[in-house]
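Comments concern the structure below.
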Amino acid sequence: MQSHLIPFCNDYLLKNASKPVTDLLEEVGLLSKNEFPTPDVLNKLTAQYHMPWQGPSFKGQSQFSEEEQRYYETIISEDRVVPTREQSWHDLFNALIWLQFPKTKSLLNELHINDIQTHGVNPRTPRRNRITHFDECGVVLAVEAPAVTNHSSKKEHAHIDVGLQNNNSGNGVYEADELETFLAELAAHKWQRVFVEKRMLWHTIVSPFIFGHANLEMMLNPFIGLTGKWLAVSVPHGFSNLGKWQQRSIVDDALIARIQALNYFESTPLLKPLPLLGVPLWHSDQSAIFYQNTEYFRPLRMGSKPTIQLPLWP
């Protein structure tokens with residue numbers, strides 16, 4: 001079903017949508033509503049969850065002049081407003097990603113503008129295509145660093161380690177090499193290993209966050225074949241015990257550092273596929289038979305180049 005036909009209705013969402021969708025809408029107080037939130041409602045959410053909010057505001061598409069010809073990213077950069085179509089699931093989820101990760105969304109906008117100023121709006125540069133791919137379909141894997149590891153970047157974690165030193169996650173002890181192996185298996189499409197045999201790592205040591213708003217839109221009515229693109233970041237030991245909004249703030253900072261370390265989407269190959277319905281707890285049917293569907297959980301294509309993401313802790 002196309003998303004514009006899907007009602008903003010609690011009953012429909014609870015019956016059909018994937019867990020990341022309903023969890024997010026419930027968390028921000030929208031799941032119980034029976035009408036689309038307006039841009040004004042979205043702006044109030046920014047004040048509710050951020051003190052102060054440093055991102056752009058949301059402006060209804062109907063509020064723009066018919067003479068407005070500027071490119072979408074240019075409007076965000078110049079006016080500090082995000083054009084937001086009313087009654088649009090796609091644009092609603094875009095706003096909710098801004099709400100969760102404002103620094104990273106701002107960085108992506110900055111990278112778009114840099115390329116536009118250098119190369120023009122069309123055709124898109126290869127880097128802008130990669131940025132858009134992540135913006136639409138990205139999944140961030142926040143991997144909790146071991147309590148003590150020579151691989152950990154002290155500089156990267158210094159500003160977020162405060163208060164975590166004595167916070168024992170209670171999720172078992174994993175060496176950096178074991179977690180690197182997990183990510184390597186994920187990159188190699190070893191789906192049985194990462195989704196079944198190592199299922200206990202998900203939502204504990206490895207916390208997945210939907211970043212791509214198109215992912216959320218498609219998860220309104222999930223289907224076999226639904227796939228995102230993952231990017232791993234390192235987060236401090238004890239991360240899994242924190243509240244969701246503190247986690248998101250840490251992930252937002254970690255993403256900035258990670259994108260910088262990976263050359264701001266200039267270098268490839270970077271993003272790797274992630275069958276979204278295979279992520280533990282993200283789909284209602286995750287039986288053994290489900291994971292044996294090789295049309296969905298496809299083996300790695302011969303000749304595929306390794307991602308430059310790995311190792312996570314050089």
So does [X] pair up with [Y], basic N to acidic O under 4.0 Å?
X: Lys244; Y: Glu27; result: no
X: Glu185; Y: Lys198; result: yes
X: Asp252; Y: Lys105; result: no

Problem - Check against side-chain hydrogen bond (donor to acceptor under 3.5 Å, both in side chains), Gln247 and Ser207 - result: CA-CA 10 Å; Gln247 287 184 351; Ser207 298; 5.1 Å; no

Handout entry: Identified side-chain hydrogen bond (donor to acceptor under 3.5 Å, both in side chains) partner of Ser65 from the options Glu67, Gln69, Gln63
Key = Glu67

Exercise for the section: Ignoring hydrogens and angles, state whether a donor on the side chain of Arg124 or Thr132 is under 3.5 Å from an acceptor on the partner side chain. Expected result: yes

Practice task
Please round to the nearest 0.5 Å and tell me the distance separating atom CG of Leu24 and atom CG of Leu30.
Solution key: 8.0 Å

Practice task
Report yes if the side chains of Val21 and Glu217 come closer than 4.5 Å at any heavy-atom pair, otherwise no.
Solution key: no

Practice task
Would you mind reporting whether Tyr174 and Pro146 have side-chain heavy atoms less than 4.5 Å apart?
Solution key: no

Cluster link [X] to [Y], ILVMFWY, side chain under 4.5 Å:
X: Ile6; Y: Leu14; answer: yes
X: Met219; Y: Leu281; answer: no
X: Phe223; Y: Tyr12; answer: yes
X: Ile289; Y: Phe297; answer: no
X: Trp230; Y: Ile308; answer: yes

Practice task
Could you label the plane-to-plane angle of the Trp245 and His50 rings as parallel, tilted or perpendicular, counting under 30° as parallel and over 60° as perpendicular?
Solution key: perpendicular

So, does [X] use its side chain to make a donor-acceptor pair with the main chain of [Y] at under 3.5 Å?
X: Thr118; Y: Asp115; answer: no
X: Trp53; Y: Pro56; answer: yes
X: Glu144; Y: Ser240; answer: yes

Within 6.0 Å of [atom1] in [X], more than 12 heavy atoms from elsewhere:
X: Arg298; atom1: CZ; answer: no
X: Glu68; atom1: CD; answer: yes
X: Glu178; atom1: CD; answer: yes

Practice task
Would you please indicate if the ring centroids of Phe290 and His283 are separated by under 6.0 Å?
Solution key: yes

Handout entry: Lys59 NZ/CZ over Phe64 ring centroid, <6.0 Å and within 45° of normal
Key = yes

